[in-house]
Visitor: 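Provided herewith is a single structure, encoded as structure tokens, for subsequent inquiry.
Counting from 1, the numbers follow the sequence of the chain as shown. These values consider heavy atoms only, across backbone and side chains, with no hydrogens, waters or symmetry-generated copies. Counting convention: from 1, in listed order, for ligands and their atoms alike. The shown structure was predicted, so the numbers you read here are calculated from the model rather than taken from an experiment.
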Amino acid sequence: MEMNGDKILQVKQVTKHFTIGKGRILQAVNDVSFDVKKGETFGLVGESGCGKSTIGRTIIGLYNRTKGDVLFDGKNVHQLPERELFQLRQRMQMIFQDPYASLNPRSTVREVISEPMEVHKLYKTKKEQNERVYQLLEEVGLNLEHANRYPHEFSGGQRQRIGIARALALDPDFIIADEPISALDVSVQAQVVNLLKQLQKEKGLTFLFIAHDLSMVKQISDRIGVMYLGNMVELTGSDSLYENPLHPYTQALLSAIPIPDPDMEESRERIILQGELPSPINPPSGCVFSTRCPFAMDICSREKPTWQEAESNHFVACHLYQDKLENKTTTEPVVRIR
Ligand code: SF4
């Protein structure tokens, strides 16, 4: 995959809190920063409720941010005048988890795909618009006979293809795919991932791929950010994350992925996380993972670990590495998962 290193997206210390009544605040996202380079796929992973979908919606401007900045091609998404934001939205599109819920059941496939084209007045004639719809259907592995049918007439995988065609209707540069395969059968998941990879190659698309399943994210991502309870805890290249996970939470997530080889599967070490995911309304003090971390130390519940480049292009927020970086003595309790 070719990457020119230019940043198409910069997420800078973004915080998103929701007021949920009785003075309570849901801290969905806290101080999250990362960049996405043109042409790459950046995977964002974590359990449900970790804030990854809120980040996606904040990037595209569906949510305003509480603090921080989102720059798309250098433009601050949340400070643009309405008209410029409208134009920018043409370049940023979203694919949703549940294709059925995101497609209007009363519209034909042609209407579903043409709607964004009409909103943005892309074509002068219906004929041109219809030709583009047929072309898009073919690009996503459907055909023009599907244009007059309704979403309920399709399988889950086909509906996600319709969702992808709709996202491509405005010829965007950047697509946020929010759990695009989670609702699909395993056999269909691989087909949709392959389609996304193929479209990326053909059109030079950039993806933010949001998922809870680390095994599928590896198939598609160049770099991966791991989130826990609204915080980014680790960020590195895809191979580096799988071969050398640093954060105890990433290690636990990876240790839960089954290995196809029965001997390896039996002999490997598994980290079972204790306790429930805490509430983002009342997150733990210090490190947000401290209530479940098998390696927690005294400092962990007192001080929030800072975001550090522990190894080249490998960032982590964990006191284990902070001690190492500051040349303090530490009991090296980190377990490597292979
Ligand atoms: Fe575990 Fe402490 Fe690292 Fe948090 S900072 S992940 S509690 S060792």
Side-chain angles (χ1 to χ4, degrees), residues 11 13-17 26-34 43-52 54-55 211-215 217-218 223-257 268-338:
V11 175
Q13 297 182 296
V14 165
T15 292
K16 176 66 191 171
H17 291 174
L26 189 148
Q27 302 180 27
V29 174
N30 280 307
D31 203 18
V32 166
S33 299
F34 63 94
L44 204 53
V45 294
E47 292 162 283
S48 73
C50 73
K52 55 195 191 304
T54 303
I55 287 264
H212 64 269
D213 178 354
L214 258 170
S215 55
V217 172
K218 185 177 195 285
R223 291 185 302 140
I224 297 176
V226 180
M227 288 189 67
Y228 181 81
L229 208 64
N231 291 258
M232 185 79 88
V233 297
E234 185 162 3
L235 192 168
T236 186
S238 176
D239 290 342
S240 165
L241 190 85
Y242 286 81
E243 284 159 20
N244 182 28
L246 297 182
H247 197 280
Y249 177 59
T250 315
Q251 295 178 354
L253 282 184
L254 285 173
S255 81
I257 299 176
R268 78 189 176 132
E269 205 156 354
R270 243 206 194 105
I271 301 175
I272 312 288
L273 290 181
Q274 304 298 324
E276 296 288 310
L277 184 68
S279 164
I281 300 169
N282 188 19
S285 58
C287 170
V288 282
F289 191 51
S290 58
T291 52
R292 298 173 82 195
C293 179
F295 311 120
M297 304 169 282
D298 284 349
I299 190 176
C300 298
S301 55
R302 285 198 317 269
E303 282 180 33
K304 187 168 178 161
T306 50
W307 188 237
Q308 305 261 5
E309 188 170 10
E311 293 175 9
S312 175
N313 292 319
H314 197 153
F315 298 83
V316 66
C318 174
H319 286 301
L320 293 169
Y321 305 96
Q322 230 150 320
D323 284 355
K324 201 166 129 194
L325 289 166
E326 288 162 12
N327 280 332
K328 288 182 190 163
T329 47
T330 176
T331 50
E332 295 265 341
V334 181
V335 178
R336 299 271 184 244
I337 309 298
R338 295 278 186 244

Visitor: Hey, does Leu229 have a side-chain heavy atom less than 4.5 Å from the side chain of Gln27?
Guide: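 In short, these two side chains do not touch, never coming nearer than 4.5 Å.
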Visitor: Anything under 30° is parallel, anything over 60° is perpendicular, the rest tilted; go ahead and classify Tyr228 against Phe289.
Guide: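 Rings of Tyr228 and Phe289: perpendicular, over 60°.
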Visitor: Please write down residue, atom name and distance for the protein heavy atom closest to atom 2 (Fe) of ligand 1.
Guide: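 Ranking protein heavy atoms by distance from atom 2 (Fe) of ligand 1, first comes Cys300 SG, 2.2 Å.
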Visitor: Give the atom numbers and elements of ligand 1 that come within less than 4.0 Å of a heavy atom of His247.
Guide: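 Taking each heavy atom of His247 in turn, ligand 1 has 6 (S) under 4.0 Å.
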Visitor: Determine whether Met227 and Ile55 make a side-chain contact, defined as any pair of heavy atoms from C-beta on separated by less than 4.5 Å.
Guide: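 Sidechains of Ile55 and Met227: in contact.
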Visitor: Near Cys293, which atoms of ligand 1 are under 4.0 Å from a heavy atom of that residue?
Guide: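 Answer for ligand 1: 1 (Fe), 6 (S), 7 (S), 8 (S).
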Visitor: Do Arg292 and Leu277 come within less than 4.5 Å of each other through their side chains, counting heavy atoms only?
Guide: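 A side-chain contact exists here, since the closest heavy-atom pair is under 4.5 Å.
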Visitor: Is the distance from atom 3 (Fe) of ligand 1 to the nearest N/O/S atom of Cys318 under 2.8 Å?
Guide: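 Yes, Cys318 qualifies, because one of its backbone or side-chain N, O or S atoms lies under 2.8 Å.
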Visitor: A side-chain contact here means heavy atoms from C-beta on lying under 4.5 Å apart; do Lys304 and Val288 qualify?
Guide: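 A side-chain contact under 4.5 Å is absent here.
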Visitor: Hey, which atoms in ligand 1 end up nearer than 4.0 Å to a heavy atom of Leu320?
Guide: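 So the answer, numbered in order with elements, is 8 (S).
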Visitor: Could you tell me which atoms of ligand 1, counted from 1 in the order shown, lie closer than 4.0 angstrom to a heavy atom of Pro248?
Guide: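 Checking each atom against Pro248, I get 6 (S).
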Visitor: Please write down residue, atom name and distance for the protein heavy atom closest to atom 5 (S) of ligand 1.
Guide: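 Ranking protein heavy atoms by distance from atom 5 (S) of ligand 1, first comes His319 N, 3.2 Å.
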Visitor: Would you say the side-chain atoms of Lys52 pair up with the backbone N or O of Gly46, donor to acceptor, closer than 3.5 Å?
Guide: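 Confirmed, Lys52 side chain pairs with Gly46 backbone.
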Visitor: For the residue pair Gln251 and Phe295, establish whether any side-chain heavy-atom pair is separated by less than 4.5 Å.
Guide: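 Side-chain contact under 4.5 Å: yes.
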Visitor: Number the atoms of ligand 1 from 1 as they appear, then name those within less than 4.0 Å of a heavy atom of Cys287, with their elements.
Guide: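 Once the distances to Cys287 are compared, the set is 4 (Fe), 5 (S), 6 (S), 7 (S).
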Visitor: Short list, please: which atoms of ligand 1 are under 4.0 Å from a heavy atom of Phe295?
Guide: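 Taking each heavy atom of Phe295 in turn, ligand 1 has 8 (S) under 4.0 Å.
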